[in-house]
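One-based numbering along the sequence shown. Since the model is a prediction, treat every value here as computed from it, not as a measurement.
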Amino acid sequence: MGTTVQIDLDSESNLTFTETGEEVRLSDERSLAEIESAIAKAEEEAEAARQVIREERERARAAQDTAERVSREATEKARIAKQAQEEAEANLRKGIQPIIIPTAEEVAAAKLKVQYQDHLFHFAIAGVSGSGKSSLINAFRGLRNKDVGAAPTGIVETTSTVGRYPDPNPRNPFVWYDIPGAGTLQQSDWLYFNSQGLFVFDCIIVLFDARFTTTDVAILKNCQRFQIPTYIVRSKADTHIRNIMRDIGYDSSSDDRARRTELYNTAREQYIKETRVTVQRNLREADLPDQKVYIVCNTTVFSTVKDRTLAPKTIDELDLMRDLLEEARSRRCVPQRILQ
């Protein structure tokens with residue numbers, strides 16, 4: 001009698017079906033996770049792109065703001081410059097000269113040009129051409145015009161650039177500067193001061209010969225603004241006095257010594273008085289404070305410096321030398337030098 005085996009087909013089927021369903025579920029979960037991950041990554045990338053766009057917009061907005069600000073500033077500067085130009089032109093038509101303040105770079109360049117040194121005292125002699133600047137510098141340095149090392153002189157203006165002449169006396173730590181005459185330069189009087197770098201000097205001697213000019217006034221005004229000590233000097237006293245002597249009747253071929261002395265004293269007194277009155281009037285008209293004018297003869301300055309002697313015809317030469325030395329001493333502690 002045979003044995004009968006019964007197989008539960010439904011059970012196998014159920015197992016197979018159950019396993020297949022689990023795999024599908026796991027697969028679906030992975031797919032969902034991948035999708036969610038892809039979505040998150042896409043969102044991150046989108047946010048990053050949006051951030052880049054926002055930053056670009058911010059930079060563009062900042063650049064626009066900067067451009068607008070620069071444009072406004074440029075427009076304002078142009079307006080101010082135009083206004084200043086119009087005011088300067090209006091002032092020039094009225095005879096009012098502009099104030100030009102050099103920049104720090106211009107000051108440094110001017111000092112370099114004249115070889116400025118802090119331990120020295122720098123005298124500049126300025127004025128119109130032909131006023132005798134070179135000859136006076138030579139006299140201040142105890143040199144004759146033909147001596148070696150003297151500043152070049154001549155009937156025609158010989159100075160076209162600033163001349164630098166150290167004092168040969170080792171006891172005087174001075175440098176004398178021969179400034180080109182304003183009459184030889186194609187520029188306005190009020191430009192002369194800045195173009196020649198006069199703002200860097202420690203002291204300026206304004207020298208004139210026949211008459212006090214607008215150039216002299218312009219130099220004095222600028223010196224006042226820059227607080228630079230000034231000395232007004234009229235040169236060639238001997239020549240001017242001789243001319244007045246001839247005007248009042250002196251005849252060298254017939255007048256005796258007594259007559260000559262009398263006329264000389266008269267001419268000298270007239271020359272000194274007229275010079276002081278004229279300069280005082282010019283300063284007053286230019287709205288400048290009154291100051292002394294030194295009347296000198298270069299040969300007398302030379303003998304005062306070189307020989308330590310006073311000529312009989314001395315006017316203001318000794319006073320000028322003493323005052324210049326005192327100016328240098330007070331500002332640079334220069335050792336005292338006694339002139340007798």
Validation row: [X], [Y] side chains within 4.5 angstrom (heavy atoms):
{"X": "Y165", "Y": "D167", "result": "no"}
{"X": "E106", "Y": "N194", "result": "no"}
{"X": "R225", "Y": "F193", "result": "no"}
{"X": "F201", "Y": "C223", "result": "no"}
{"X": "N222", "Y": "I228", "result": "no"}
{"X": "N138", "Y": "D147", "result": "no"}

H240 and T275: CA distance, side-chain angles, deciding distance, side-chain contact (heavy atoms from CB on, under 4.5 Å) verdict: CA-CA 11 Å; H240 291 297; T275 297; over 6 Å; no
In terms of hydrophobic clusters joined by side-chain contacts under 4.5 Å, are [X] and [Y] together?
{"X": "Y271", "Y": "V233", "answer": "no"}
{"X": "L143", "Y": "F140", "answer": "no"}
{"X": "I295", "Y": "F302", "answer": "no"}
{"X": "V279", "Y": "I272", "answer": "no"}
{"X": "I101", "Y": "I80", "answer": "no"}

Is it true that [X] and [Y] have a side-chain N and a carboxylate O under 4.0 angstrom from each other?
{"X": "R276", "Y": "D316", "answer": "yes"}
{"X": "D319", "Y": "K292", "answer": "yes"}
{"X": "R69", "Y": "E73", "answer": "yes"}
{"X": "R54", "Y": "E47", "answer": "yes"}
{"X": "E58", "Y": "R61", "answer": "yes"}

Whether S71 side chain and A67 backbone form a donor-acceptor pair below 3.5 Å: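 The answer is no, because no donor-acceptor pair under 3.5 Å joins these two groups.
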I315 backbone acceptor or donor facing E317 side chain under 3.5 Å: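 Yes, the answer is positive, given that a donor and an acceptor are paired below the 3.5 Å cut-off.
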How far does [atom1] of [X] sit from [atom2] of [Y], to the nearest 0.5 angstrom?
{"X": "L283", "Y": "K221", "atom1": "CG", "atom2": "NZ", "result": "10.0 Å"}
{"X": "W176", "Y": "I137", "atom1": "CH2", "atom2": "CD1", "result": "8.0 Å"}
{"X": "T278", "Y": "R211", "atom1": "OG1", "atom2": "CZ", "result": "12.0 Å"}
{"X": "I244", "Y": "T239", "atom1": "CD1", "atom2": "OG1", "result": "11.5 Å"}
{"X": "L263", "Y": "I241", "atom1": "CG", "atom2": "CD1", "result": "12.5 Å"}
{"X": "Y177", "Y": "Q196", "atom1": "OH", "atom2": "CD", "result": "13.5 Å"}

Any side-chain donor near an acceptor of the partner, N243 and R246, under 3.5 Å: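 Yes, because at least one side-chain N or O of N243 sits under 3.5 Å from a partner of the opposite role on R246.
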Flag for R284-Q280: side-chain donor and acceptor within less than 3.5 Å: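 No, no side-chain donor-acceptor contact under 3.5 Å.
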How close do [X] and [Y] get, heavy atom to heavy atom, and via which atoms?
{"X": "Q117", "Y": "H122", "result": "O-CE1, 2.9 Å"}
{"X": "P229", "Y": "D202", "result": "CD-O, 3.3 Å"}
{"X": "R268", "Y": "K313", "result": "NH1-O, 3.2 Å"}
{"X": "G249", "Y": "D255", "result": "O-OD2, 3.8 Å"}
{"X": "L207", "Y": "D216", "result": "O-OD1, 4.0 Å"}
{"X": "L198", "Y": "A126", "result": "CD1-CB, 4.4 Å"}

Residue from D178, T153, N145 passing side chain to side chain donor-acceptor pair (under 3.5 Å) with S135: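 Option passing the side chain to side chain donor-acceptor pair (under 3.5 Å) with S135: N145.
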Ring geometry between F174 and F123 (parallel below 30°, tilted from 30 to 60°, perpendicular above 60°):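 Perpendicular: the ring planes of F123 and F174 meet at over 60°.
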Working for side-chain contact (heavy atoms from CB on, under 4.5 Å), residues F121 and E327: CA-CA 10 Å; F121 196 87; E327 185 72 51; 4.2 Å; yes
Partners passing side-chain hydrogen bond (donor to acceptor under 3.5 Å, both in side chains) against Q270 (at least two apart in sequence or in another chain):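 With sequence neighbours excluded, Q270 shows a side-chain hydrogen bond (donor to acceptor under 3.5 Å, both in side chains) to E274, given in chain and number order.
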For Y231, ring-ring contact (aromatic ring centres under 6.0 Å, His included) partners two or more places apart: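 Partners of Y231 by the ring-ring contact (aromatic ring centres under 6.0 Å, His included) criterion, ordered by chain and then number, come out as Y294.
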Working for side-chain contact (heavy atoms from CB on, under 4.5 Å), residues T230 and Q224: CA-CA 8 Å; T230 57; Q224 185 182 47; over 6 Å; no
Steps toward salt bridge (charged side-chain N to carboxylate O under 4.0 Å, His left out) verdict (K41, E44): CA-CA 5 Å; K41 183 177 181 181; E44 290 177 358; over 6 Å; no
